[in-house]
J.: 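Got a structure for you, written out below as structure tokens; questions coming shortly.
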Protein chains: 2
Amino acid sequence: MHPRYARIADELRAAILGGELPVGAPLPSETVLAARHKVARGTIRQAVAVLTAEGLVGSRQGARRIVLGRERSQNFAVLHSFAEWARAAGHEVTGQVIEQSRRTAGAAEAARLGLAVGDPVLQVLRLRRLDGVAVLLERTVYAGWLAPAVERLPADCDSVTRALFESRGLVFAYGEHLIDAVAAGTEDARLLGVRRGGPLLRQRRVTTTREGRPAEWSDDRYRAGSVTFAIRNAAGALAVHPQD
Amino acid sequence: MHPRYARIADELRAAILGGELPVGAPLPSETVLAARHKVARGTIRQAVAVLTAEGLVGSRQGARRIVLGRERSQNFAVLHSFAEWARAAGHEVTGQVIEQSRRTAGAAEAARLGLAVGDPVLQVLRLRRLDGVAVLLERTVYAGWLAPAVERLPADCDSVTRALFESRGLVFAYGEHLIDAVAAGTEDARLLGVRRGGPLLRQRRVTTTREGRPAEWSDDRYRAGSVTFAIRNAAGALAVHPQD
DNA sequence: GTCCCTAGCTTGTTTGAACAAGTTCTGGGC
DNA sequence: GCCCAGAACTTGTTCAAACAAGCTAGGGAC
């Protein structure tokens with residue numbers, strides 16, 4: 001059973017997405033909502049904090065909260081798994097390991113993965129296709145303790161994240177991403193089928209387990225025009241949990 | 001005076017950034033922190049919620065909170081203003097309007113800015129330099145009601161966001177961003193001084209006022225290698241900033 | 001009619017308490 | 001020595017109350 005505030009948040013979200021609370025309209029005041037749901041004001045504040053974090057509503061002290069938008073921004077967590085995102089968007093995803101080898105960590109990798117220089121790591125080069133078209137080239141380095149689990153995966157595994165969750169109970173909960181544009185190198189161009197020197201969208205990311213242990217470090221290159229990152233930010237309102 | 005929880009958050013953040021609380025270390029428990037600062041547990045929870053949203057600490061029910069990282073990711077708000085970010089990072093920013101003209105909104109613009117087709121808009125082409133190097137080409141469309149305020153700005157205005165805040169009290173608080181890579185067109189190549197067809201990082205964004213009124217729509221192209229978007233996502237909360 | 005100022009409403013901050021749910025560690029039993 | 005059951009601890013959820021700070025609409029002065 002979800003907590004009370006989450007269910008109230010779901011209800012409000014549904015009202016916004018369903019158009020009962022149109023964009024620009026004020027939300028009912030906290031007092032009214034509290035009375036309507038028979039909960040304390042703090043619980044309502046937690047519920048609207050969820051919506052604020054999603055960028056659906058904005059708030060200013062003294063004035064009523066306002067509906068900002070109807071499109072719910074996906075949690076950025078989907079960015080962790082190309083496969084999850086693509087499937088949700090109705091695309092067919094396939095993956096293929098091009099190259100896989102064990103080696104030892106260099107200084108940069110060691111720092112990023114929280115290892116010592118020389119610790120074993122597993123390097124994987126993976127090509128992913130969307131509806132048959134080569135779209136993403138992943139160069140991933142897994143921490144040594146993950147290597148056996150990754151090596152056991154089939155070469156055409158669709159979703160590594162899901163597979164590792166199912167086989168090892170691993171959850172990649174927190175991550176850090178660096179996004180920029182780079183020119184396609186020779187290998188990039190050949191595998192993705194683009195011109196050498198042409199634009200690629202690069203995403204470098206570190207993913208850690210829920211406990212904060214770094215698990216993988218990856219350099220992902222997307223063919224230009226194939227993928228766009230969408231970010232909705234509920235800027236000023238970054239503080240979340242109002243009350244305990 | 002900042003609220004109490006914000007000051008406690010600042011103190012904890014400083015401890016993490018300063019290395020007193022190294023990555024992987026547990027945070028003191030809420031009870032301990034509450035006693036130490038002589039506040040209620042709820043106040044401590046608000047403080048750590050800030051850090052959680054910044055991606056600095058993670059938490060699991062039942063276990064102590066853990067320091068996840070040392071790099072603080074700025075709130076996405078800074079991304080609204082290239083100038084604000086650059087200045088904060090210690091760079092010298094200059095801007096220059098290349099072209100500016102009024103026209104009427106097409107279908108796509110009207111939809112994005114919440115206008116009717118044919119409503120007046122102001123189109124501005126702006127080149128921005130970082131420490132003297134051309135780095136960003138902005139193609140911005142302002143809603144008609146903003147046009148007078150924008151036209152009144154000097155052609156070499158550094159920070160449009162700040163200027164509009166000061167002259168009109170406008171705050172660009174919420175936005176939506178689409179990030180991808182594109183090949184440089186002829187004009188892009190000439191103004192940014194890169195090869196035609198070379199990689200550019202494109203950011204398309206809609207910015208609305210705090211009240212949810214769309215104010216500007218912009219296509220920003222960054223020279224590859226000059227700027228990187230950093231995104232840190234802590235299970236739902238995301239924060240982003242450009243970095244070099 | 002216009003302007004200002006205040007009364008009332010709304011969100012923000014904080015307190016203190018209680019229980020629920022999950023984790024960690026300590027002993028005792030084997 | 002190993003393993004399992006609790007005890008103790010820690011975070012998560014909720015309540016009720018109070019005051020602070022900011023906004024808005026309406027009424028009074030001009």
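Here is the naming used below: chain letters follow the sequence lines, and residue numbers restart at 1 for every chain.
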J.: Among D:dT14, C:dT10, C:dG12, find the nucleotide with the atom closest to the side chain of A:S29.
T.: C:dT10
J.: Measure from the side chain of B:Q61, starting at C-beta and using heavy atoms only, and say which of C:dG12, C:dA21, C:dT13 lies closest.
T.: C:dA21
J.: Rounding to a whole Å, what distance do you find between B:L51:CG and D:dT11:C1'?
T.: 15 Å
J.: Can you tell me the distance, in whole Å, between the CG atom of B:L27 and the P atom of D:dT11?
T.: 8 Å
J.: CD1 of B:I44 versus P of D:dT10: gap in Å, rounded?
T.: 14 Å
J.: Find the distance B:R45:CZ to C:dG16:P and express it as a whole number of Å.
T.: 17 Å
J.: Could you state the CZ-P distance from B:R4 to D:dA21, rounded to the nearest angstrom?
T.: 15 Å
J.: Measuring from the side chain of A:S59 (C-beta onward, heavy atoms only), which nucleotide among C:dG12, D:dT14, D:dT11 has the closest atom?
T.: C:dG12
J.: Identify which one of B:V48, B:V50, B:I44 satisfies the side-chain contact (heavy atoms from CB on, under 4.5 Å) criterion when paired with B:Y5.
T.: B:V50
J.: Looking at C:dT13, does its base get a donor-acceptor pair with the side chain of A:R41 below 3.5 Å?
T.: yes
J.: Taking atom P of C:dT23 as reference, at what distance in whole Å does atom CZ of B:R65 sit?
T.: 15 Å
J.: Start with the C-alpha distance between B:Q123 and B:R103, add both sets of side-chain angles, then the distance that settles side chain to side chain donor-acceptor pair (under 3.5 Å), and finish with yes or no.
T.: CA-CA 7 Å; B:Q123 161 109 43; B:R103 53 183 181 76; 2.4 Å; yes
J.: Go nucleotide by nucleotide along DNA chain D from the 5' end; which of A:A40 and A:A63 gets its closest nucleotide reached first?
T.: A:A40
J.: What is the distance from CD of A:Q46 to P of C:dG12, rounded to the nearest Å?
T.: 14 Å
